[in-house]
Amino acid sequence: MASVGIVVRTRDRALFLERALRDIADQTYADWRVFLVNDGGDPAAVRAVVDRAGLGERATVVDHATSSGRWPSANAGVRAALAAGSSYLVLHDDDDTWAPGFLETAVAYLGAHPLAPGVVSRIEIVWEERRGDGYHETGREEFQPQLPAPLLSDTLLFNRFVPIGFLYRRELHDEIGFYDESLSVVGDWEFNLRILSRWALEYLGPEPLAFWHQRRSASGIDANSVIGDRADHERYDALVRDAALRSYVAEHGAGLALYLAKLVDQRFFLLDRRVLEVEGRLRGGLAAAAVRWLRAGGPLRGRRSAG
């Protein structure tokens with residue numbers, strides 16, 4: 001039994017998968033096991049990558065004959081890890097990476113904070129692009145560096161941490177269930193909302209130890225969902241919000257929701273009207289200035305003086 005169960009989902013992305021598995025093998029914390037969900041890809045190709053990465057018996061492969069999707073795959077890996085007795089869980093997307101000390105630092109934090117349900121690393125976005133037969137880094141930027149903590153109030157607007165940066169206790173699934181398999185995307189955001197609605201989370205420290213790899217120009221299977229599936233993100237974001245609103249109204253009635261909807265609409269109406277008024281004044285002021293300038297000679301004034 002390994003204390004950390006690392007769930008990796010993949011499908012026909014051998015280049016990324018090998019990088020991810022070698023990244024895991026480089027962790028300074030050694031008490032882990034990988035639960036690799038091959039979501040409809042070639043089983044032989046996946047096992048070849050596992051062998052090249054040198055994981056051997058430390059990897060359990062769960063093969064899906066056909067693709068079941070992101071969150072059913074995540075749950076398949078989680079259930080395998082729970083069945084194996086893992087105390088801590090983390091989703092390691094097949095195109096992301098960690099600093100070598102991520103697991104060691106995160107496990108130590110949870111050991112020192114027994115009431116914490118999990119812990120979040122600061123996250124750094126790694127921009128990369130395809131060059132020849134591989135992906136090469138083009139730049140880095142910290143994700144949400146202004147946040148003091150992974151707060152519910154901020155996460156209500158959009159997701160503030162992605163799975164690569166979140167190590168959590170197995171008991172979370174007993175308390176709040178599994179990832180929502182009805183969602184094509186944003187399942188991690190919805191899961192994070194359920195957690196933050198009940199518990200506070202903290203950052204490991206000021207330095208990013210989790211690296212979220214993104215590719216602006218990639219398409220198809222190599223694309224990031226947040227870029228390649230933007231329309232799905234907008235749709236399922238709206239569905240999550242609507243489901244939460246229905247739940248609230250069913251318990252508390254529509255009064256507050258109706259009041260806030262009208263209040264927000266009125267505020268935006270007043271703001272739009274104010275913007276139009278300012279634009280009108282600016283245009284009027286510019287027009288008056290132009291008339292004065294033309295009466296004073298405008299573009300011919302300099303020529304007259306010179307003549």
Side-chain angles (χ1 to χ4, degrees), residues 69-71 74 91 117-125 141-166 168 172 175-203 210 212 214 216 223-287:
R70 290 182 181 88
W71 303 109
L91 270 58
V119 66
V120 179
S121 168
R122 294 279 184 179
I123 294 166
E124 190 167 63
I125 298 174
E141 60 181 278
E142 188 171 345
F143 180 61
Q144 301 292 300
Q146 78 282 2
L147 299 182
L151 302 175
L152 174 62
S153 56
D154 294 316
T155 307
L156 290 171
L157 185 58
F158 62 87
N159 203 12
R160 303 297 176 144
F161 58 94
V162 291
I164 191 65
F166 183 40
Y168 60 92
L172 268 186
E175 296 287 339
I176 65 171
F178 291 84
Y179 294 96
D180 187 342
E181 297 186 4
S182 71
L183 302 174
S184 171
V185 291
V186 307
D188 51 339
W189 174 54
E190 192 275 338
F191 186 68
N192 293 346
L193 285 172
R194 278 186 274 151
I195 295 168
L196 292 169
S197 296
R198 299 182 62 174
W199 301 282
L201 295 175
E202 293 184 351
Y203 285 124
W212 183 18
Q214 296 193 38
R216 292 187 178 93
N224 298 92
S225 70
V226 72
I227 296 173
D229 297 330
R230 189 176 300 276
D232 280 350
H233 274 265
E234 292 175 356
R235 167 177 165 75
Y236 284 97
D237 177 285
L239 291 176
V240 168
R241 295 179 190 280
D242 203 53
L245 180 60
R246 286 197 306 274
S247 177
Y248 180 88
V249 169
E251 182 175 355
H252 301 285
L256 181 60
L258 286 169
Y259 171 77
L260 290 176
K262 187 63 176 179
L263 179 65
V264 170
D265 180 68
Q266 288 176 331
R267 290 295 182 266
F268 274 110
F269 173 78
L270 293 173
L271 179 61
D272 286 343
R273 190 168 67 180
R274 180 60 176 161
V275 168
L276 291 173
E277 290 174 354
V278 172
E279 286 180 349
R281 291 176 184 175
L282 287 173
R283 288 172 183 167
L286 289 172

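By convention here, the first residue in the shown sequence is residue 1.
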Enquirer: Restricting to side-chain hydrogen bond (donor to acceptor under 3.5 Å, both in side chains), what partner residues turn up for Arg160, sequence neighbours left out?
Expert: Gln144
Enquirer: Measure across His233 and Val186 and return the closest heavy-atom pair with its distance rounded to 0.1 Å.
Expert: ND1-CG1, 3.5 Å
Enquirer: Provide the closest heavy-atom pair for Ala210 versus Gly165 in the form atom of the first, atom of the second, distance.
Expert: CB-CA, 3.6 Å
Enquirer: Roughly how far, to the nearest 0.5 Å, is the OG1 atom of Thr155 from the CG atom of Leu193?
Expert: 6.5 Å
Enquirer: Measuring from Asp188:CG to Asn159:CG, what's the distance to the nearest 0.5 Å?
Expert: 5.0 Å
Enquirer: Check residues 244-264 and write down every donor-acceptor pair under 3.5 Å in which the side-chain atom is one partner and the other belongs to a residue at least two apart or another chain.
Expert:
| from | atom 1 | to | atom 2 | distance (Å) |
| --- | --- | --- | --- | --- |
| Arg246 | NH1 | Asp242 | OD2 | 2.8 |

Enquirer: For the residue pair Phe161 and Leu196, establish whether any side-chain heavy-atom pair is separated by less than 4.5 Å.
Expert: yes
Enquirer: side-chain hydrogen bond (donor to acceptor under 3.5 Å, both in side chains) with Glu175: which residues, sequence neighbours excluded?
Expert: Arg198
Enquirer: Find the distance between CH2 (Trp212) and CD (Glu142) and round it off to the nearest 0.5 Å.
Expert: 13.0 Å
Enquirer: Which value, rounded to the nearest 0.5 Å, describes the distance between Ile123 atom CD1 and Ile164 atom CD1?
Expert: 8.5 Å
Enquirer: Grab the two heavy atoms, one from Trp199 and one from Pro117, that are nearest each other, plus how far apart they are.
Expert: CB-CG, 3.7 Å
Enquirer: Drop me the distance from Arg194's CZ to Leu152's CG, to the nearest 0.5 angstrom.
Expert: 13.5 Å
Enquirer: Please report the shortest heavy-atom distance between Pro145 and Arg122, naming the atom on each side.
Expert: O-NH1, 3.5 Å
Enquirer: For Phe166 and Val120, work out which heavy atoms get closest and say how close.
Expert: CD1-CG2, 3.8 Å
Enquirer: When rounded to the nearest 0.5 angstrom, what distance separates CH2 in Trp189 from OH in Tyr236?
Expert: 14.0 Å
Enquirer: Take Tyr168 and Phe191, measure what ring pair (Phe, Tyr, Trp, His ring centres under 6.0 Å) needs, and give me the verdict at the end.
Expert: CA-CA 12 Å; Tyr168 60 92; Phe191 186 68; 5.8 Å; yes
Enquirer: Taking all atoms of both residues into account, what is the closest heavy-atom pair of Leu183 and Trp71, and its distance?
Expert: O-CD1, 3.0 Å
Enquirer: Kindly indicate, with the supporting measurements, whether the criterion side chain to side chain contact (heavy atoms under 4.5 Å, CB included) is fulfilled by Glu234 and Asp237.
Expert: CA-CA 5 Å; Glu234 292 175 356; Asp237 177 285; 5.7 Å; no
